[in-house]
There are 2 protein chains.
Amino acid sequence: MVVENRPSDAEVDRIFRALADATRRDILRRTLDGQASVSQLAAAYDMSFAAVQKHVAVLEGAGLVTKEPAGRERIVRGNPVAVQRVRTLLDQYEQIWRARIARLDALLADD
Amino acid sequence: MVVENRPSDAEVDRIFRALADATRRDILRRTLDGQASVSQLAAAYDMSFAAVQKHVAVLEGAGLVTKEPAGRERIVRGNPVAVQRVRTLLDQYEQIWRARIARLDALLADD
DNA sequence: ATTTTCTACAACCATTTGGTTGTACGTTAG
DNA sequence: CTAACGTACAACCAAATGGTTGTAGAAAAT
């Protein structure tokens, strides 16, 4: 059974909003490439630990990343399923456009 | 010659930010499906004309939409090329994840 | 046992965002 | 010509964003 519930507007808002920041996109890249603790991530950026913590929270709130406790650390992992879902969303816009082109083609066809 | 210059961080910020609002996503859908004037768009939403005008401006700033004068109206059209570019961006995240999986597979292979 | 490390969270601040109303101006209709 | 329409733009406002510092607590290292 494929769950694949259609995401709500608010969820989509959160996903795109999370992606609308270069630091967060970089965190997503890193954690898709391999897991990292919050402090390891924080070391990579020229901002406070708390700021990076917030960025991770935004990504987590969007479902793009998961955070799992491991001793005193929190391990952050990129969520490939969520990324896939965003692509699916974008596909829908392309479908709309292709449908329009198809209609225009149909108009031009002299059958 | 394929132009396809890699978009800057700021450009990507603008694109995702533009998509992080349900009204703007709806405007994009409509204008990919078929052109519309700003006032036609405004009639579709429960907010002021000026608010819709701003949403269109955000989409235009992100390159997701173009605005062309036609008499006293401004015709808004969705830009399929920009949509395609966003998809390409998302693809890169998936590539990163697939590369990781490939590495893990290589580790497990006992050759 | 003490200190250090990693995290959580609150409080604060400047800037941006998403909305409003109001004014002004070019374009089309009567 | 005058009125109505479509747009642009400024000014304003509340809320959200992206950053900071500071405090506190749990886990690990010495």
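Throughout, protein chains are lettered first and strands after them, A, B, ... in sequence-line order, and every chain is numbered starting at 1. Keep in mind that the numbers below use all heavy atoms, side chains included, and drop hydrogens, waters and symmetry copies.
The CD1 atom of B:Ile27 lies 8.0 Å from the CG atom of B:Asp21; values are rounded to the nearest 0.5 Å. To the nearest 0.5 Å, the span separating CD on A:Glu94 from CG on A:Leu90 amounts to 8.0 Å. Put simply, CZ on B:Arg14 and CG on B:Asp9 are 11.0 Å apart, with the number rounded to the nearest 0.5 Å.
Contact annotation: B:Ser39 side-chain N/O to D:dC5 OP1/OP2 distance is not under 4.0 Å. OP1 or OP2 of C:dA8 lies within a sub-4.0 Å distance of a side-chain N or O belonging to A:Lys67.
Residue B:Ser37 is in sugar-phosphate contact alone, with no base atom involved, counting any heavy-atom pair closer than 4.0 Å across all strands shown.
Spacing between atom CG of B:Asp13 and atom P of D:dT17 amounts to 15 Å, rounded to whole angstrom units. Atom P of nucleotide D:dG18 and atom CG of A:Asp21 are separated by 6 Å, given to the nearest angstrom. In this structure, B:Arg24 atom CZ and C:dT16 atom P are separated by 16 Å, rounded to whole Å. Atom pair A:Ile75:CD1 and C:dT7:C1' shows a separation of 12 Å (rounding to whole Å applied). For B:Phe16 and D:dG18, the CZ to C1' distance is 19 Å, given to the nearest whole Å.
Criterion: ILVMFWY side-chain heavy atoms under 4.5 Å apart, direct or through other members. Under it, B:Ile75 and B:Val38 are not part of a common hydrophobic cluster.
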Using the rule given for side-chain contact (heavy atoms from CB on, under 4.5 Å), can you reason through A:Arg30 versus A:Leu41, listing the C-alpha separation, both sets of side-chain angles and the distance that settles it, and then say yes or no?
CA-CA 8 Å; A:Arg30 281 177 195 268; A:Leu41 289 171; 3.9 Å; yes

Determine, stepwise, if the pair B:Val86 / A:Tyr93 fulfils side-chain contact (heavy atoms from CB on, under 4.5 Å).
CA-CA 11 Å; B:Val86 187; A:Tyr93 291 92; over 6 Å; no

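Among the candidates B:Arg77, B:Arg74, B:Gln35, the single residue satisfying the side-chain hydrogen bond (donor to acceptor under 3.5 Å, both in side chains) test with B:Glu68 is B:Arg77.
Residue side chain A:Arg72 reaches the base of C:dT5 through a donor-acceptor N/O pair under 3.5 Å, judged by distance alone.
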Cut-off 3.5 Å, no hydrogens considered: what does the side-chain donor-acceptor table look like for residues 55-66 of chain A, sequence neighbours left out?
residue, atom, partner, partner atom, Å
A:His55, ND1, A:Arg24, NH1, 3.1

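If you find the closest nucleotide of DNA chain D to B:Glu73 and to A:Gly71, the one lying nearer the 5' end belongs to B:Glu73.
Axis orientation changes by 20° from one end of the helix from C:dA1-D:dT30 to C:dG30-D:dC1 to the other, with each end axis drawn from 5 pairs and the value rounded to 10°.
Ion pair A:Asp105/A:Arg98 not flagged as a salt bridge, since none of the NZ, NE, NH1 or NH2 atoms sits closer than 4.0 Å to an Asp/Glu carboxylate oxygen.
Within residues 40-62 of chain B, the residues approaching DNA chain C are B:Met47, B:Ser48, B:Ala50, B:Ala51, B:Lys54, B:His55, by heavy-atom distance under 4.0 Å.
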